[in-house]
Asker: 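Before I ask anything, here is the structure I am working with.
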Number of protein chains: 2
Amino acid sequence: MATIHDVAKLAKVSIATVSRVLSHPEKVSPKTRQLVVEAMNQLDYRPNSMAQNLRRLQSNIIIALMPDIKNPFFSEVFRGIEDRAREAGFKILVGSTDRNKEKEKEYINLLKESWADGVILTTAEIDRRFIDELAQRRPLVLACEYIPGSPYPSVSIDNESAARKITKHLILQGHKRVAHIAGPSSIILSVARLTGYLQALHQSGLIEDEALIQEGDFTLQSGYDLANKLLSLKNPPTAIFAANDEMAIGAMKAIQDKGIRVPEDVAVAGFDDINVASFVTPSLTTIRQPRYKIGQTSVDLLLKVINHEPLDQPQIVLEDELIVRHSTTLNPELVM
Amino acid sequence: MATIHDVAKLAKVSIATVSRVLSHPEKVSPKTRQLVVEAMNQLDYRPNSMAQNLRRLQSNIIIALMPDIKNPFFSEVFRGIEDRAREAGFKILVGSTDRNKEKEKEYINLLKESWADGVILTTAEIDRRFIDELAQRRPLVLACEYIPGSPYPSVSIDNESAARKITKHLILQGHKRVAHIAGPSSIILSVARLTGYLQALHQSGLIEDEALIQEGDFTLQSGYDLANKLLSLKNPPTAIFAANDEMAIGAMKAIQDKGIRVPEDVAVAGFDDINVASFVTPSLTTIRQPRYKIGQTSVDLLLKVINHEPLDQPQIVLEDELIVRHSTTLNPELVM
DNA sequence: TTGTACGCGTTATCAT
DNA sequence: ATGATAACGCGTACAA
């Protein structure tokens with residue numbers, strides 16, 4: 001691998017000149033510049049980034065932490081992060097934390113080792129110590145989640161109002177007993193969606209029923225299991241709103257396995273609009289989040305913080321959209 | 001951020017001793033070691049990894065290249081890669097190439113900049129120039145794909161025999177007209193699966209029908225579109241084998257949208273056994289690949305190459321499994 | 001415009 | 001057992 005010295009020797013100039021050709025070409029006379037460029041090409045020279053990093057004391061790496069990249073929701077957010085970061089000359093290191101304290105600690109250590117220039121966190125727990133510890137060391141941006149009263153920049157939708165919106169859609173279809181399969185209560189956005197659900201009930205004059213609220217873990221299996229639990233209630237729900245699409249798909253499966261029809265007997269709604277949502281049968285009513293854009297925007301925000309640019313709007317809220325499909329209605333006029 | 005000098009000063013030793021405490025503790029007397037450790041703790045010192053990298057001329061980074069991490073198949077392979085790499089003290093840089101020449105080139109450049117110690121490639125095109133260019137610079141391992149006659153270490157299943165197996169399963173259910181929705185013909189494993197499909201037909205005395213073979217791109221939508229095309233044939237198939245689960249799910253959707261029943265009228269089989277495969281209705285018959293293990297194993301292999309250890313078996317073939325579910329049969333005895 | 005020389009924070013060699 | 005010092009490859013202040 002050719003170094004800057006090899007290029008300098010071949011072009012018969014000093015290493016300083018070679019370096020300048022790359023960083024400040026205008027400070028080098030066209031003639032020598034030409035010479036140097038030729039030498040670079042001849043040797044296929046690339047500056048060693050490890051040396052650049054050390055010298056500049058920055059790595060051009062962003063760490064993207066998420067609970068699990070296998071989750072299709074996160075993986076699309078991640079693509080937004082990845083693509084925008086690459087455009088800006090940054091590399092992305094992914095970390096799946098599995099919401100595991102040990103692993104989280106490893107990533108904090110990475111920051112202590114000056115490993116990255118910033119962090120994007122795509123989920124947040126009620127327990128904010130982890131976030132605080134990260135933010136204390138490097139610029140941090142929250143994607144997907146907004147923590148009320150928190151100082152950290154964030155990009156998200158309004159989970160509460162979106163949940164309210166989709167719950168009201170179910171109520172408008174005539175449902176009086178609407179169940180909710182929530183996400184883990186330790187996660188902030190789970191709480192926001194649950195809150196939105198409850199608000200919709202109250203605003204519609206319905207009373208909540210403890211038995212109709214179950215806490216899942218965002219997996220297909222938990223949706224399946226909890227729907228079964230709901231269906232075996234003596235007074236089962238006629239509609240189920242799951243806090244994400246995977247739990248909703250699991251719930252639909254449980255319902256159909258029992259020979260019950262969706263949406264005629266039980267309506268099902270999800271959240272996120274993952275790709276497969278429109279390809280299950282019946283297709284799934286859900287809230288569409290601009291996942292890719294959330295990822296992109298969080299990188300934009302983070303880069304501003306890294307470059308000490310002022311943020312005119314630290315907490316960005318993007319638009320969501322209610323997507324009505326066949327899992328909640330047979331009325332073709334409602335379905336997009 | 002404290003440096004080695006700060007620690008040395010506080011512990012009243014030289015930086016060499018501090019460094020030794022970390023790398024070769026046995027060469028330092030217990031007494032001074034104790035002193036140094038205390039100073040480290042007091043300053044919360046971590047060696048700067050950029051400096052370590054430069055000095056050691058290695059980055060402890062592995063690049064994992066895949067067409068698109070959004071694909072649930074790759075994302076689980078990726079988790080295997082990520083977890084095993086972390087155990088070994090390596091970090092993972094993900095690159096989604098989208099099979100785009102421009103992006104591929106960027107990653108080659110990363111290697112030229114000494115950015116990574118090795119590369120794991122999770123898909124391979126018939127055009128081997130990209131692979132060759134990568135392998136020329138850094139140790140490379142292929143995950144998911146085996147290139148016949150290639151010198152590169154790889155971890156995969158036997159795609160050909162697996163495709164043969166699942167096609168035969170369909171034929172055993174009495175189907176005479178079995179269609180295949182293939183993956184892009186430029187991808188090696190698509191060809192392998194197509195070959196297996198054809199072999200099964202021939203071995204069963206069935207003749208192939210050009211019209212029953214359609215080329216998709218592994219997306220839900222392409223499965224949907226191509227199934228529609230197959231169904232509108234004057235002599236439509238009674239079974240469809242798609243080269244991955246997503247196309248199979250898209251195909252099922254197309255069939256069901258037409259009011260046709262799966263599996264009674266048309267049977268559908270996929271490939272990969274992604275999570276959602278058992279949660280669609282009817283549940284999807286497919287080939288289970290040990291995705292997570294493929295990822296792990298590819299890291300093991302790569303680390304051996306990086307450390308110049310001999311490989312007793314450069315091309316590793318893992319076991320796959322036929323998972324029969326309700327999309328191909330109503331016989332409860334067959335379904336696991 | 002170009003070159004010299006120092007420093008970024010480590011690790012490792014060679015003395016002591 | 002410990003310390004001084006030379007790299008690792010690059011960027012830049014300063015000198016020429």
Side-chain angles (χ1 to χ4, degrees), chain A residues 1-40 43-61 89 109-117 137, chain B residues 1-40 43-61 89 109-117 137:
Chain A
M1 208 115 289
T3 77
I4 198 171
H5 287 99
D6 302 325
V7 177
K9 191 178 294 177
L10 183 61
K12 296 195 205 307
V13 296
S14 75
I15 62 164
T17 301
V18 178
S19 177
R20 268 190 291 259
V21 170
L22 255 32
S23 324
H24 314 283
E26 75 282 359
K27 297 195 165 187
V28 176
S29 80
K31 223 173 55 193
T32 40
R33 196 190 319 168
Q34 175 66 14
L35 239 53
V36 171
V37 169
E38 274 168 20
M40 284 177 171
L43 296 172
D44 194 21
Y45 166 75
R46 311 287 149 144
N48 180 311
S49 46
M50 296 184 294
Q52 287 183 319
N53 289 345
L54 179 58
R55 174 64 226 225
R56 296 175 172 150
L57 292 183
Q58 60 156 32
S59 57
N60 274 31
I61 290 184
N109 281 336
L110 239 48
L111 292 190
K112 291 189 182 171
E113 293 165 12
S114 306
W115 236 101
D117 297 339
R137 312 202 160 267
Chain B
M1 210 114 288
T3 76
I4 200 172
H5 288 97
D6 302 325
V7 177
K9 192 179 295 176
L10 184 60
K12 297 193 204 309
V13 296
S14 75
I15 61 165
T17 302
V18 177
S19 177
R20 267 190 292 258
V21 168
L22 256 30
S23 322
H24 314 282
E26 74 284 358
K27 296 194 165 187
V28 176
S29 81
K31 224 172 55 191
T32 41
R33 197 190 315 167
Q34 174 66 13
L35 239 52
V36 171
V37 169
E38 273 168 20
M40 284 177 170
L43 296 171
D44 196 18
Y45 166 76
R46 311 286 149 146
N48 181 312
S49 45
M50 294 184 294
Q52 288 182 319
N53 290 345
L54 177 58
R55 176 62 224 224
R56 296 176 174 149
L57 292 183
Q58 60 156 32
S59 57
N60 274 31
I61 289 184
N109 282 337
L110 239 48
L111 292 190
K112 290 188 183 172
E113 293 164 11
S114 306
W115 237 101
D117 298 339
R137 312 203 160 267

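Labels below follow one simple rule: chain letters A, B, ... track the order of the sequence lines, proteins then strands, and each chain is numbered from 1. This structure is a prediction, so every number in the text was calculated from the model and none was measured.
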Asker: Side chain of A:S14 only, please: which of C:dG3, C:dG9, C:dA12 is the nearest?
Answerer: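 Looking only at side-chain atoms, A:S14 lies closest to C:dG3.
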Asker: For A:Y45, which of A:D6, A:I4, A:L10 qualifies under side chain to side chain contact (heavy atoms under 4.5 Å, CB included)?
Answerer: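 The side chain to side chain contact (heavy atoms under 4.5 Å, CB included) with A:Y45 is passed solely by A:I4 among A:D6, A:I4, A:L10.
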Asker: For the pair made of CG in B:D6 and C1' in C:dT10, what is the distance, rounded to whole Å?
Answerer: 14 Å
Asker: When the distance from CD1 of B:I15 to P of C:dG7 is rounded to whole Å, what number comes out?
Answerer: 13 Å
Asker: Taking only the side-chain heavy atoms of A:S29 (C-beta and beyond), determine which of D:dA1, C:dT1, C:dA12 contains the nearest atom.
Answerer: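 Of all the options, the side chain of A:S29 is nearest to C:dT1.
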Asker: Check each of A:V37, A:V36, A:I15 against A:V7 using the side chain to side chain contact (heavy atoms under 4.5 Å, CB included) test, and report the only one that passes.
Answerer: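 Result for side chain to side chain contact (heavy atoms under 4.5 Å, CB included) with A:V7: A:V36.
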Asker: How is B:S49 classified with respect to the nucleic acid when contacts are heavy atoms under 4.0 Å: base, sugar-phosphate, or nothing?
Answerer: nothing
Asker: Any idea which of C:dT2, C:dC14, D:dC8 is nearest the B:L57 side chain?
Answerer: D:dC8
Asker: Looking at D:dG9, C:dT2, C:dA12, which one has an atom nearest to any side-chain atom of A:N48?
Answerer: D:dG9
Asker: Do the side chain of A:R20 and the base of C:dG3 come within less than 3.5 angstrom through a donor-acceptor pair of N or O atoms?
Answerer: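 Answer is yes: a donor-acceptor pair is held.
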Asker: Measure CD/B:Q52 against P/C:dC8 and give the value in whole Å, please.
Answerer: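 The distance from CD of B:Q52 to P of C:dC8 comes to 17 Å, rounded to the nearest Å.
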Asker: I want to verify a distance call: between C:dG9, D:dT2, D:dG9, whose nearest atom is closest to the A:R55 side chain?
Answerer: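 So the nucleotide nearest the side chain must be D:dG9.
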Asker: Quick check for you: among D:dG9, D:dT2, D:dT12, whose closest atom lies nearest to any side-chain atom of B:L54?
Answerer: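 Between D:dG9, D:dT2, D:dT12, the one nearest the side chain of B:L54 would be D:dG9.
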